[in-house]
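One structure is given here, and the rest of the page talks about it.
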Amino acid sequence: MTTVTFMGIDCEIDKRAYPHNKQPALQLFAADSPGNREMGIHHGAPVLTATACLPDFPFQEGETAIKDYSENEGILDVLVQAKIIELTGKSARSGFCNLPVVKLLV
């Protein structure tokens, strides 16, 4: 399983799919690491959902939208640097926000 560090927490990335449109979903859970144990963070604890379900957006195969604001701010750069995703140059509207559309590399 791929591991990244987000906001000082070592995370395992779990790839799933939203049931509505089969769009890829990325969820991050606390990894079993010395750093996490020192902070009292238990293995498997949910950290964040990096994606946003947009059932009406015409995603191409392997594409999804990343929520990179609020509590998720910075996750886009972490996932790009870890070669989990790559930017497509497209964006998708979600409420008042434009979310980057990315292609999964895993």
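FYI, the numbering just counts along the sequence from 1.
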Original post:
Should Ile75 and Ile66 be marked as a side chain to side chain contact (heavy atoms under 4.5 Å, CB included) after you check the CA-CA gap, both sets of side-chain angles, and the distance that decides it?
Top reply: CA-CA 8 Å; Ile75 193 62; Ile66 299 293; 4.0 Å; yes
Original post:
When rounded to the nearest 0.5 angstrom, what is the spacing between CD in Glu73 and CG in Leu76?
Top reply: 11.0 Å
Original post:
Are Leu79 and Leu105 connected in the hydrophobic side-chain network, where two residues link if heavy atoms are under 4.5 Å apart?
Top reply: no
Original post:
Listed by chain and number, what are the side-chain contact (heavy atoms from CB on, under 4.5 Å) partners of Ala45, not counting sequence neighbours?
Top reply: Ala30
Original post:
Should Ile9 and Leu48 be counted in the same cluster of Ile, Leu, Val, Met, Phe, Trp and Tyr side chains packed under 4.5 Å apart?
Top reply: yes
Original post:
With no hydrogens and no angle check, do the side chains of Thr51 and Tyr18 hold a donor and an acceptor under 3.5 Å apart?
Top reply: yes
Original post:
Between Glu63 and Lys90, is the closest basic N to carboxylate O distance under 4.0 Å?
Top reply: yes
**OP:** Considering non-hydrogen atoms only, spot the tightest contact between Thr49 and Gln27 and give its length.
**Re:** OG1-NE2, 3.4 Å
Original post:
Is it the case that Asp10 and Thr3 place a side-chain donor and acceptor less than 3.5 Å from each other?
Top reply: no
Subject >> Pairs where residues 42-78 contributes a residue and the test ring-ring contact (aromatic ring centres under 6.0 Å, His included) is met, not counting sequence neighbours >> reply: Phe57-Phe59
**OP:** Assess whether atom CD of Glu61 is packed by more than 12 heavy atoms of other residues, nucleotides or ligands within 6.0 Å.
**Re:** no
Original post:
Is Val78 reachable from Ile41 through a run of hydrophobic residues whose side-chain heavy atoms are each under 4.5 Å from the next?
Top reply: yes
Original post:
Sub-3.5 Å donor-acceptor pair from the side chain of Glu12 to the main-chain atoms of Thr2, do we have one?
Top reply: no
Subject >> Same apolar cluster: Phe29 and Val47, side chain cutoff 4.5 Å >> reply: no
**OP:** Might you confirm whether atom CE of Met7 has over 12 heavy atoms from other residues, nucleotides or ligands at distances under 6.0 Å?
**Re:** no
Subject >> Candidate pair Arg37 and Asp32, rule side chain to side chain contact (heavy atoms under 4.5 Å, CB included), full reasoning >> reply: CA-CA 7 Å; Arg37 285 192 295 275; Asp32 185 18; 2.4 Å; yes
Subject >> NZ-OG1 distance between Lys22 and Thr64, expressed to the nearest 0.5 angstrom >> reply: 14.0 Å
Subject >> Closest contact, heavy atoms only, Cys11 versus Leu28 >> reply: CB-CD2, 3.8 Å
**OP:** Just do the side chain to side chain contact (heavy atoms under 4.5 Å, CB included) check on Asp68 and Asp77 with the steps written out, would you?
**Re:** CA-CA 9 Å; Asp68 190 45; Asp77 289 337; 5.8 Å; no
Original post:
Shared ILVMFWY cluster between Ile85 and Leu99, side chains joined below 4.5 angstrom?
Top reply: no
Original post:
Is the backbone of Asn36 close enough, under 3.5 Å, to the side chain of Ser33 for a donor and an acceptor to pair up by distance?
Top reply: yes
Original post:
Looking only at atom types and distance, does a side-chain atom of Lys15 sit under 3.5 Å from a main-chain N or O of Val106, one as donor and one as acceptor?
Top reply: yes
**OP:** Identify the two heavy atoms, one from Lys103 and one from Thr88, that lie closest to each other, and give their separation to 0.1 Å.
**Re:** N-CG2, 3.7 Å
**OP:** Mind running side chain to side chain contact (heavy atoms under 4.5 Å, CB included) on Leu104 and Ile84 for me, showing each step along the way?
**Re:** CA-CA 6 Å; Leu104 271 70; Ile84 305 298; 5.7 Å; no
